[in-house]
Amino acid sequence: MVDNINRNPHPDFKVTEASRPDWDTSVHVRYTKTPDPEWKFGSGANNLGARTQSEAHIPIDPHEPGRPAGFNYKFLISSIVPRPIAFVSSRAADGSAVNLAPFSYFNMVNHDPPMFIVSVSGGLDRAKDTLRNIIETKECVINIISEQFLEAANSTSVNAPYGVSEWEVSGLTPVEDCHTVKCARVREAIVSIEAKLHNFQEFDSKANPGQKSGTLLVLEGTQFWVREDAINEEKNIVDPNVLRPISRLGGITYGRLTDLVELPRTKFDEDVGGIEGFNKIRSQNGENGEKSS
């Protein structure tokens with residue numbers, strides 16, 4: 001179903017792209033203040049939201065009669081943003097074929113052990129290359145996409161037949177030096193993670209009963225790779241100015257990381273003032289959370 005959705009809203013993308021500004025190579029990751037550095041506990045939204053507080057919301061039933069499942073796909077990928085991208089390298093069990101593909105249904109879900117989820121459209125009965133390979137070999141490499149190979153990474157989403165190597169389509173470099181898996185990592189990636197399949201779960205389609213709409217892969221990270229200039233001395237923090245990660249948004253849109261803000265985690269006793277401070281905030285806002293005039 002998802003494969004049949006037209007994601008490109010432009011009749012001629014190259015014409016549209018030509019009208020846009022060039023990629024700004026002078027932009028670096030920078031830290032700014034928050035929208036309201038003087039924000040106080042109990043204050044609610046900052047001033048950026050003042051103009052929209054009166055706007056009404058509408059409910060959407062994802063399974064209302066006549067609503068195509070593809071509408072839910074478009075809604076979700078344009079609202080759950082930005083999404084990290086798993087650039088997954090896998091290989092056939094017999095080694096006859098290798099695959100490289102991006103997936104934005106992806107995230108980390110635990111650190112001890114390192115656990116990740118990647119979701120692939122469709123079920124095992126019509127498994128795509130990546131899904132078939134991981135189910136058969138129970139391993140892969142997750143690479144993180146950076147600015148310097150955005151176009152190459154995007155090219156691997158090509159609808160090539162099984163056996164056609166996306167490595168060759170992209171021109172990216174496979175490195176066969178992984179310690180715990182037989183898959184190659186992407187040489188151009190700043191960060192790569194060797195991973196083993198922990199378990200998987202197929203999802204039953206509600207729009208098309210009897211069919212599988214997707215498969216969730218739960219993966220355990222077994223080895224990290226990071227470019228030397230991107231990691232600190234303790235080997236626990238990656239520099240965003242070196243990583244320059246790319247994220248996924250709706251349609252055919254990607255995002256780059258430019259502006260960052262830092263906010264310390266709130267401590268109840270020190271910052272809120274403990275129960276006494278909480279009761280004061282509660283009193284100011286009213287028992288039901290409504291601000292007093």
Can [X] and [Y] be counted as having a side-chain donor-acceptor contact under 3.5 angstrom?
| X | Y | answer |
| --- | --- | --- |
| S155 | E166 | no |
| T180 | Q223 | no |
| T266 | D271 | no |

Do [X] and [Y] touch side chain to side chain, with heavy atoms closer than 4.5 Å?
| X | Y | value |
| --- | --- | --- |
| N47 | W39 | no |
| L217 | I117 | no |
| D36 | E38 | yes |
| L100 | V186 | yes |
| R256 | V27 | yes |
| I135 | F200 | yes |
| W167 | T173 | no |
| F13 | I252 | yes |

Salt bridge (charged side-chain N to carboxylate O under 4.0 Å, His left out) against R20, all qualifying residues, sequence neighbours excluded: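 Checked R20 against salt bridge (charged side-chain N to carboxylate O under 4.0 Å, His left out); zero matches.
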Residue pairs fulfilling side-chain hydrogen bond (donor to acceptor under 3.5 Å, both in side chains) with at least one residue in residues 238-249, sequence neighbours excluded: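 Every pair satisfying side-chain hydrogen bond (donor to acceptor under 3.5 Å, both in side chains) with a residue in residues 238-249: E147-R244.
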Is there any side-chain hydrogen bond (donor to acceptor under 3.5 Å, both in side chains) pair reaching into residues 82-93, and which pairs are they, with sequence neighbours excluded?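 Only R83-S104, S90-N133 qualify under side-chain hydrogen bond (donor to acceptor under 3.5 Å, both in side chains).
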With sequence neighbours excluded, tell me which residues meet ring-ring contact (aromatic ring centres under 6.0 Å, His included) with H179.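 In terms of ring-ring contact (aromatic ring centres under 6.0 Å, His included), with neighbours along the sequence ignored, H179 is linked to W225.
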ring-ring contact (aromatic ring centres under 6.0 Å, His included) against F224, all qualifying residues, sequence neighbours excluded: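 If we apply the ring-ring contact (aromatic ring centres under 6.0 Å, His included) test to F224, skipping adjacent residues, there are no hits.
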Heavy-atom closest contact ([X] atom, [Y] atom, distance):
| X | Y | value |
| --- | --- | --- |
| G123 | L131 | O-CD2, 3.9 Å |
| N46 | P35 | ND2-CB, 3.6 Å |
| G42 | I281 | CA-CG2, 3.7 Å |
| A230 | V242 | CB-CG1, 3.5 Å |
| A189 | S192 | CB-OG, 3.7 Å |
| S205 | A207 | OG-N, 3.3 Å |

Output the distance between atom [atom1] ([X]) and atom [atom2] ([Y]), rounded to the nearest 0.5 Å.
| X | Y | atom1 | atom2 | value |
| --- | --- | --- | --- | --- |
| T34 | L48 | OG1 | CG | 9.5 Å |
| L243 | I144 | CG | CD1 | 7.5 Å |
| I142 | I193 | CD1 | CD1 | 5.5 Å |
| L249 | I77 | CG | CD1 | 9.5 Å |
| C140 | F103 | SG | CZ | 9.5 Å |
| Q284 | N279 | CD | CG | 11.0 Å |

Could you list the residues that satisfy side-chain hydrogen bond (donor to acceptor under 3.5 Å, both in side chains) with [X], not counting sequence neighbours?
| X | result |
| --- | --- |
| N232 | E234, N236 |
| N154 | Y254 |
| T32 | none |
| E220 | none |

Are I134 and L219 close enough, and set up right, to give a side-chain contact (heavy atoms from CB on, under 4.5 Å), and what steps lead you there? CA-CA 10 Å; I134 294 177; L219 303 160; 4.3 Å; yes
Go through the steps for C183 and E139 under the test side-chain contact (heavy atoms from CB on, under 4.5 Å), then give the verdict. CA-CA 8 Å; C183 312; E139 63 181 36; 4.0 Å; yes
Is it true that a side-chain atom of [X] and a backbone atom of [Y] form a donor plus acceptor pair closer than 3.5 Å?
| X | Y | value |
| --- | --- | --- |
| N208 | Q211 | no |
| N199 | V218 | no |
| S146 | Q148 | no |
| R187 | P174 | no |

Is [X] linked to [Y] within one hydrophobic cluster, defined over Ile, Leu, Val, Met, Phe, Trp and Tyr using a side-chain heavy-atom separation of less than 4.5 Å?
| X | Y | value |
| --- | --- | --- |
| V141 | V118 | no |
| L172 | I145 | yes |
| F149 | I85 | yes |
| I190 | F116 | yes |
| L197 | V120 | yes |

Determine whether more than 12 heavy atoms belonging to other residues, nucleotides or ligands lie under 6.0 Å from atom [atom1] of [X].
| X | atom1 | value |
| --- | --- | --- |
| H198 | NE2 | no |
| F75 | CZ | no |
| E64 | CD | yes |
| D12 | CG | yes |

Kindly write out the residues that satisfy side chain to side chain contact (heavy atoms under 4.5 Å, CB included) with P62, not counting sequence neighbours, or none if the list is empty.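 With neighbours one apart ignored, the set is N72.
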Using the test side chain to side chain contact (heavy atoms under 4.5 Å, CB included), find all partners of F278 that sit at least two apart in sequence or belong to another chain.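 Side chain to side chain contact (heavy atoms under 4.5 Å, CB included) check on F278 returns F268, V272, R282.
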Taking salt bridge (Lys or Arg N to Asp or Glu O under 4.0 Å) as the cut-off, I'd like each qualifying pair that reaches into residues 167-182, sequence neighbours left out, listed once.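 Counting only pairs at least two positions apart or across chains, the salt bridge (Lys or Arg N to Asp or Glu O under 4.0 Å) contacts touching residues 167-182 are D177-R185.
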Identify whether the distance between the nearest side-chain nitrogen and carboxylate oxygen of D61 and R67 falls below 4.0 Å.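 Result for this pair is no, no salt bridge flagged.
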Between Y31 and D259, does a side-chain contact (heavy atoms from CB on, under 4.5 Å) hold up when you go through it step by step? CA-CA 6 Å; Y31 287 89; D259 288 2; over 6 Å; no
